[in-house]
2 protein chains.
Amino acid sequence: MGHMTSPRTRMSPDSRREQLLELGVRLFATRSLEDLSIETLAEEAGISRGLLYHYFGNKQEFHTAVVQRAADDLFAVTAPTGEGAPLEQLAGSLERYVDYVTENYHGYLSLLRGAAGGHEGLREIYESARAALTDRLFEGPVAEEAAALGLTDTPAVRLLVHGWAAFTEDVVLEWVRDARGISRDELLLTLSASLPGILAPLRQA
Amino acid sequence: MGHMTSPRTRMSPDSRREQLLELGVRLFATRSLEDLSIETLAEEAGISRGLLYHYFGNKQEFHTAVVQRAADDLFAVTAPTGEGAPLEQLAGSLERYVDYVTENYHGYLSLLRGAAGGHEGLREIYESARAALTDRLFEGPVAEEAAALGLTDTPAVRLLVHGWAAFTEDVVLEWVRDARGISRDELLLTLSASLPGILAPLRQA
DNA sequence: CAACGCTATTGACGCACGTTCAATACTTTG
DNA sequence: CAAAGTATTGAACGTGCGTCAATAGCGTTG
């Protein structure tokens, strides 16, 4: 809550902006983007509304910055560790993704909803975050092993991989909401096995 | 354009409400829910803002009514015809779904975004529309033939079918945006073949 | 260490849009 | 044709976005 800080605390632009961004992401996890108003944020941060406009220009830019930050967090969490065999690294990324959604359910949900329902800029952020995740399948040492599973880098395969990302997103979200008796390991196995399962039909045509 | 209709045209409640709903759905196809303001609608319909409140109570209820109507349209379009073998009927539904998205791209996109980003009521409408589509797999004469493909009615299977719906939605949307050299028939085959592909891993565990 | 300059920060203003409600004017009825 | 019923309006209010000149904290300088 806004609290009783002394009126007018002067900070350096960098730390002030960082403070506002962090607070924005934290509040974003508990309410929708619409409800994350300039007014709310200013109150919680204990500053005037005008200052937010000084740092973010307008509501859209502020929302963009918050969503970008949240997407960056997700991307960082799922980054490959660089250890182990290529396919094991992919499995590890998927694992950390599932754990991230589990531990950060509300925040992740807000990110999805905000990006899906928001303006063009927000959707772009989310789309490129998702692209960054799946692009890992076609780059580096992983690509060769992946190709053996049907993951050649063609437009059709990319389309299905895009769809698989949507599938994974949906299933993980539903699973966190209600596990339906499925263990975490079973979920992970099912998700990774479904990718070749989706691609298989394509190899015959 | 609001136009030069005579000021104050009195209509029966039913036809007036219907007119406003239809106009709402039409405008909704070309802009976001946020931009579908009470003011915009009133202007386009050539009525006062107050009248909209008379019929829909408030903005949320108006949006709810519009989204519900759009979802009903989609559900009606993809309803099984009742002719042909069970599995053929499913294929037909999928076919009409793809065609609907193709011909109604902007409207469908608006529906998705509005439902995903909007308030709880909107998400419920969309979720139950999707559920209604996939529930067909587990009901009536289809269920028996479907069970042979791994579609037994268990929580785990339902979870994956839910995910398959998200997969299909995503792939069709992307395909309409850019076909990537894939024909409509190839798309339909790939989509229907991917469902057993997704379920296959589950049968071994 | 006091005056100064730079700029982070404020507060008041205007605007757009959602929302309410008493007044108004069609249409029907007796 | 008068009167009742109600579809419709328009003006008023609240809230949250966006702008900007005025203010005040903090480092610098003599």
Side-chain angles (χ1 to χ4, degrees), chain A residues 1-24 27-28 30-67 114 117-122, chain B residues 2-24 27-28 31-67 114 117-122:
Chain A
M1 301 70 198
H3 303 318
M4 56 244 80
T5 59
S6 66
R8 196 169 281 220
T9 328
R10 195 189 174 105
M11 299 176 62
S12 82
D14 281 357
S15 26
R16 177 64 87 185
R17 196 188 148 91
E18 183 59 26
Q19 175 212 356
L20 296 177
L21 251 185
E22 277 179 18
L23 178 59
L27 294 184
F28 181 40
T30 66
R31 67 202 76 199
S32 75
L33 264 193
E34 271 310 295
D35 293 335
L36 185 59
S37 62
I38 300 286
E39 190 151 25
T40 302
L41 201 283
E43 260 177 47
E44 297 282 324
I47 60 169
S48 70
R49 289 192 301 268
L51 192 58
L52 243 112
Y53 285 94
H54 178 67
Y55 281 103
F56 296 98
N58 58 40
K59 196 186 179 186
Q60 276 206 3
E61 284 181 37
F62 174 60
H63 284 171
T64 302
V66 168
V67 168
H119 60 271
E120 187 56 28
L122 296 184
Chain B
H3 302 317
M4 57 247 83
T5 58
S6 65
R8 195 169 282 219
T9 325
R10 193 187 176 111
M11 298 177 62
S12 81
D14 282 355
S15 26
R16 176 65 86 186
R17 196 187 149 91
E18 184 60 26
Q19 175 213 353
L20 296 178
L21 251 185
E22 278 179 18
L23 179 59
L27 294 184
F28 181 39
R31 68 202 75 199
S32 77
L33 263 193
E34 271 311 294
D35 293 335
L36 185 60
S37 62
I38 300 286
E39 189 151 27
T40 302
L41 201 283
E43 261 176 46
E44 297 281 326
I47 60 169
S48 69
R49 269 166 295 167
L51 192 57
L52 242 111
Y53 284 92
H54 178 67
Y55 282 102
F56 295 99
N58 58 39
K59 195 187 179 184
Q60 276 206 4
E61 284 183 36
F62 174 59
H63 284 171
T64 302
V66 167
V67 168
H119 59 271
E120 187 57 29
L122 295 185

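Each chain gets a letter, A, B and so on, in the order the sequences are listed, and its residues count up from 1.
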task = Rounded to the nearest 0.5 Å, what's the gap from CG on A:Asp14 to CZ on A:Arg16? Could you check?
result = 12.5 Å
key: Euclidean distance, atom NE2 of residue A:His54 to atom P of C:dA8 [Å, nearest integer]   = 5 Å
message = I want to check something: taking the side chain as every heavy atom from C-beta on, are B:His54 and B:Leu51 in contact at a cut-off of under 4.5 Å?
response = yes
query = In Å and rounded to the nearest 0.5 Å, what is the CD to CD1 distance from B:Gln19 to B:Ile47?
reply = 7.0 Å
inquiry  = Classify A:Ile38 by what it touches in the nucleic acid, base, sugar-phosphate, or nothing, heavy-atom distance under 4.0 Å.
reply    = sugar-phosphate
inquiry  = Once salt bridge (charged side-chain N to carboxylate O under 4.0 Å, His left out) is applied, what residue pairs with a partner in residues 46-61 of chain A remain, sequence neighbours excluded?
reply    = A:Glu34-A:Lys59, A:Glu39-A:Arg49
inquiry  = Please compare A:Leu52 and B:Leu36 by the position of their nearest nucleotide in DNA chain C and report the one closer to 5'.
reply    = A:Leu52
key: Set of side chain to side chain contact (heavy atoms under 4.5 Å, CB included) partners for A:His119, sequence neighbours left out   = A:Gln60, A:Thr64, A:Leu122
remark   = Outermost contacting nts on DNA chain D, any atom under 4.0 Å from chain B heavy atoms, listed 5' then 3', are D:dG5 to D:dG10
message = On DNA chain D, compare the nucleotides closest to A:Tyr53 and B:Ile47; which residue's is nearer the 5' end?
response = B:Ile47
note = To the nearest 0.5 Å, atom OG of A:Ser37 lies from atom CG of A:Leu41 at 8.0 Å
Any N/O pairs under 3.5 Å between the protein and nucleotides 1-5 of chain C? List them or say none.
none

inquiry  = Do A:Val67 and A:Phe28 make a side-chain contact, defined as non-hydrogen atoms from C-beta onward lying under 4.5 Å apart?
reply    = yes
Selection: residues 10-19 of chain A, any non-hydrogen atom under 4.0 Å of DNA chain C = A:Arg10, A:Met11, A:Pro13, A:Arg16
ask   = Do you know the tightest heavy-atom contact between A:Ala45 and A:Leu20?
value = CB-CD2, 3.8 Å
query = So what does A:Ser48 hit on the nucleic acid, given a heavy-atom distance under 4.0 Å: a base, only sugar-phosphate, or nothing?
reply = base
message = If you define the side chain from C-beta out and look only at heavy atoms, does anything of B:Tyr53 sit under 4.5 Å from B:Ile38?
response = yes
request  = For A:Phe62, enumerate each residue passing the ring-ring contact (aromatic ring centres under 6.0 Å, His included) test, keeping only those at least two apart in sequence or located in another chain.
outcome  = A:Phe56
message = Using a 4.0 Å heavy-atom cut-off, does B:Tyr55 contact any base of the nucleic acid, only the sugar-phosphate backbone, or nothing at all?
response = sugar-phosphate
